[in-house]
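Chain identifiers are assigned alphabetically (A, B, ...) following the order of the sequence lines, protein sequences preceding nucleic acid strands; residue numbering begins at 1 within each chain.
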Amino acid sequence: MLDIRLIREEPERCQDRLKARGGDAWKLITEVLECDEQRRSGETEKQVLQQDRNRLSKEIGKMRSQGEDSSEVESKVRGIGEQIKVIAESTEKAEARQRELLLQIPNLPHENCPVGSDETANPEIRTWGGKPKFEGFEAVDHLSLAGKLGLFDFELGAKISSSGFVVYTGKGARLQRALIQFLLDLHTREHGYQEVNPPVVVNRESMFGTGQLPKFEDDMYGIEGNQQFLIPTAEVPVTNLYRDTIQNPDDFPIKTTAVTHCFRREAGAAGRENRGLIRMHQFDKVELVNVVEPGQSLDQLELLTAEAEKVLQTLGLHYRIIELCTGDVGFSSTKTYDIEVWAPGQNEYLEVSSCSSFGDYQARRMKLRYKGEDGKNHFCHTLNGSGTALPRLYVALIETYQQADGSILLPEALHAYFGGEKIT
RNA sequence: GGAGAGGUGGCAGAGUGGUCGAAUGCAGUAGUCUUGAAAACUACCGUGCCGCAAGGUACCGUGGGUUCGAAUCCCACCCUCUCCGCCA
């Protein structure tokens with residue numbers, strides 16, 4: 001959520017920043033301010049009446065204990081009670097509406113976020129490595145590689161579930177497991193992350209906390225009448241671990257990682273240019289979550305991105321970093337880098353990680369605070385990034401390391417994890 | 001799933017209709033004392049909202065209700081614990 005005080009003090013700037021996103025969320029600002037005005041004046045009025053009531057009620061107590069007749073005061077207080085009820089009702093209404101609106105307004109893109117209306121305006125920040133050369137043969141895509149080697153099976157996935165689900169088989173399953181192990185070890189041993197293994201079913205409150213609700217209910221798998229949801233990313237359970245807490249700043253930065261299954265309906269994505277493992281209803285992902293002090297968040301975003309990049313560097317996979325422009329940054333994000341790995345068989349870059357700083361946007365939603373040196377509580381900043389998504393990493397890996405005979409020569413970092421250096 | 005018990009401040013734990021935002025202990029912060037530390041002593045020590053401030057107001061699992069007045073009484077829900085059943 002945006003800070004209502006910020007909206008109050010700089011409504012035009014808020015509107016301008018929201019306009020930079022495109023969409024019409026900026027139009028809500030005016031109504032939010034109206035609600036805020038109503039809410040505050042109602043609250044003040046109510047408090048004056050409550051003060052009267054409290055004072056008179058105490059008097060009744062005294063009078064009764066002294067055996068005096070208090071019926072006159074009682075009826076007076078009863079009248080005040082009625083008034084309070086009326087005012088409270090309209091105040092609560094304004095407050096509820098204000099909250100509803102605030103929850104719908106996305107975060108403000110950071111001032112240094114490149115301006116643009118859609119993904120075509122996303123600048124490339126840097127690249128690492130180069131596209132692999134294939135001597136004497138044409139690179140094929142992961143589907144044909146997997147077909148020969150028996151790494152995974154879409155028909156089986158569709159049979160027991162539906163399209164958009166896959167069954168990894170044999171060495172293919174082992175490779176997936178090896179990758180997960182490699183990723184978690186890298187982040188916990190070299191980047192200082194604390195590992196958790198959270199539920200993949202979460203309640204509505206958690207979904208509100210990170211910003212999936214109220215806007216994206218239809219993108220998620222709901223259960224129990226949508227009182228719970230399958231997580232679309234470990235960002236949700238992991239960040240919400242810290243919901244409603246007051247952190248000790250000595251613990252910053254708090255770095256937590258988890259591998260989970262992720263579930264996405266991908267409504268409307270069917271039939272689009274997504275063959276194979278590129279876009280699934282269920283996939284695995286290693287997520288990196290940071291909780292930091294406000295002053296640290298920009299630097300921390302660079303560090304977080306570097307941690308995700310380390311994955312691809314260690315595996316020797318060519319990638320590029322792009323920054324999302326104002327028209328493309330996610331709902332809760334204020335600044336985002338995407339990491340796109342080169343997949344030779346696709347002949348394109350695949351997004352394997354999205355590293356974002358959310359500023360205090362999520363923290364305010366979930367009341368995640370820290371005790372400042374001034375003794376007061378302040379909202380933390382939250383960040384997260386994939387470190388990385390598995391299927392696309394898998395695709396890039398096997399397509400990059402394919403050999404002329406259709407086998408796959410694994411990079412050294414995976415040998416021990418996989419238990420071998422070649423998949424045949 | 002069935003039966004019972006319980007949810008109060010960072011923790012422990014009083015409080016069963018009025019002066020209770022809440023005793024007490026521990027932890028924490030500041031100070032006195034001390035060469036230093038410990039101990040002892042003193043003071044402070046929950047969160048939100050409104051307000052320039054003084055101050056006010058709300059919060060005792062959550063949401064309703066009763067009452068002039070609710071941490072305290074009533075109802076519903078959630079969660080935890082114990083026992084039974086089931087079970088990876």
Side-chain angles (χ1 to χ4, degrees), chain A residues 1-9 32-103 197-209 213 222-229 237 240-252 254 261 291 360 362-380:
Chain A
M1 278 190 302
L2 298 182
D3 186 355
I4 184 61
R5 264 167 279 197
L6 178 68
I7 296 177
R8 213 142 63 197
E9 281 157 26
V32 168
L33 286 171
E34 283 167 16
C35 290
D36 183 48
E37 189 53 46
Q38 271 180 44
R39 191 193 106 248
R40 286 190 297 157
S41 64
E43 197 128 321
T44 304
E45 207 178 332
K46 189 178 80 176
Q47 286 189 5
V48 172
L49 291 169
Q50 283 171 328
Q51 189 174 359
D52 284 348
R53 182 182 65 181
N54 289 345
R55 186 169 44 80
L56 292 173
S57 288
K58 276 179 190 170
E59 252 170 57
I60 291 171
K62 263 185 215 147
M63 290 172 84
R64 286 211 182 168
S65 67
Q66 290 166 11
E68 294 173 33
D69 174 29
S70 59
S71 53
E72 201 175 308
V73 188
E74 278 176 38
S75 70
K76 198 170 165 189
V77 176
R78 204 171 297 138
I80 295 175
E82 294 301 315
Q83 285 183 63
I84 290 176
K85 210 169 181 180
V86 173
I87 293 166
E89 212 166 290
S90 67
T91 306
E92 275 159 29
K93 220 165 152 184
E95 190 177 353
R97 177 64 181 154
Q98 179 183 322
R99 181 172 170 74
E100 186 185 328
L101 291 166
L102 282 174
L103 286 170
N197 190 326
V200 296
V201 175
V202 300
N203 56 28
R204 297 187 66 91
E205 211 181 341
S206 296
M207 286 299 186
F208 271 102
L213 287 179
I223 57 178
E224 302 289 342
N226 278 16
Q227 290 312 294
Q228 298 180 313
F229 295 90
N240 275 283
L241 252 24
Y242 304 102
R243 164 154 52 85
D244 255 312
T245 61
I246 298 174
Q247 297 295 327
N248 181 344
D250 294 345
D251 298 334
F252 290 147
I254 299 171
H261 297 309
V291 179
D360 62 9
Q362 291 181 329
R364 180 169 289 105
R365 281 178 166 242
M366 63 172 77
K367 297 194 186 69
L368 164 50
R369 295 167 295 178
Y370 70 96
K371 186 74 75 180
E373 281 180 25
D374 55 3
K376 290 183 181 164
N377 295 326
H378 304 278
F379 289 110
C380 304

Check the distance between [N]'s [atom2] and [X]'s [atom1] and give it to me in whole angstrom.
X	N	atom1	atom2	answer
Asp52(A)	rC68(B)	CG	C1'	13 Å
Glu92(A)	rG63(B)	CD	P	11 Å
Arg64(A)	rG69(B)	CZ	C1'	9 Å
Arg78(A)	rC68(B)	CZ	P	5 Å
Ile60(A)	rU19(B)	CD1	P	13 Å

If you measure from the [atom1] atom in [N] to the same atom in [M], how many Å do you get, rounded?
N	M	atom1	result
rA71(B)	rC77(B)	P	23 Å
rC20(B)	rG2(B)	C1'	39 Å
rC75(B)	rC81(B)	C1'	24 Å
rG55(B)	rG61(B)	P	29 Å
rG48(B)	rC60(B)	P	16 Å
rA40(B)	rG46(B)	C1'	28 Å
rA54(B)	rC41(B)	P	34 Å
rU35(B)	rA22(B)	P	40 Å

With a 3.5 angstrom cut-off on both distances, give the Watson-Crick or G-U wobble partner of [N], or none if there isn't one.
N	result
rC81(B)	rG4(B)
rC49(B)	rG56(B)
rC11(B)	rG25(B)
rU42(B)	rA30(B)

Tabulate protein N/O versus nucleotide N/O from nucleotides 26-31 of chain B, keeping only pairs under 3.5 Å, one per line.
none

Gap between atom [atom2] of [Y] and atom [atom1] of [X] - 0.5 Å precision:
X	Y	atom1	atom2	result
Arg365(A)	Leu103(A)	CZ	CG	5.0 Å
Leu102(A)	Glu95(A)	CG	CD	10.5 Å
Leu56(A)	Glu74(A)	CG	CD	11.0 Å

Any N/O pairs under 3.5 Å between the protein and nucleotides 58-62 of chain B? List them or say none.
{"unit_1": "rA58(B)", "atom_1": "OP2", "unit_2": "Asn54(A)", "atom_2": "ND2", "d": "3.4"}

Heavy-atom closest pair (Val291(A) atom, Phe252(A) atom, distance to 0.1 Å) is O-CD2, 3.3 Å
What pairs of donor and acceptor atoms, side-chain ones from residues 76-87 of chain A against any protein atom, are under 3.5 angstrom apart with sequence neighbours left out?
none

Mark up nucleotides 46-51 of chain B, 5' to 3', with B wherever a protein heavy atom is under 4.0 angstrom from a base atom, S wherever such an atom reaches only the sugar-phosphate, and - elsewhere. -SSBBS
Per-pair distances, 0.1 Å, donor-acceptor, side chain in residues 32-45 of chain A, under 3.5 Å, sequence neighbours excluded:
{"unit_1": "Asp36(A)", "atom_1": "OD1", "unit_2": "Arg8(A)", "atom_2": "NH1", "d": "3.1"}
{"unit_1": "Asp36(A)", "atom_1": "OD1", "unit_2": "Arg39(A)", "atom_2": "NH1", "d": "2.6"}
{"unit_1": "Asp36(A)", "atom_1": "OD2", "unit_2": "Arg8(A)", "atom_2": "NH1", "d": "2.9"}
{"unit_1": "Arg39(A)", "atom_1": "NH1", "unit_2": "Gln98(A)", "atom_2": "OE1", "d": "3.3"}
{"unit_1": "Ser41(A)", "atom_1": "OG", "unit_2": "Glu37(A)", "atom_2": "O", "d": "3.3"}
{"unit_1": "Ser41(A)", "atom_1": "OG", "unit_2": "Gln38(A)", "atom_2": "O", "d": "3.3"}
{"unit_1": "Thr44(A)", "atom_1": "OG1", "unit_2": "Arg40(A)", "atom_2": "O", "d": "3.0"}

Please tell me whether Ser57(A) and Asn54(A) have a donor and an acceptor in their side chains that are separated by less than 3.5 angstrom. no
Using a cut-off of under 3.5 Å, enumerate the N/O to N/O pairs linking the protein to nucleotides 74-79 of chain B.
none

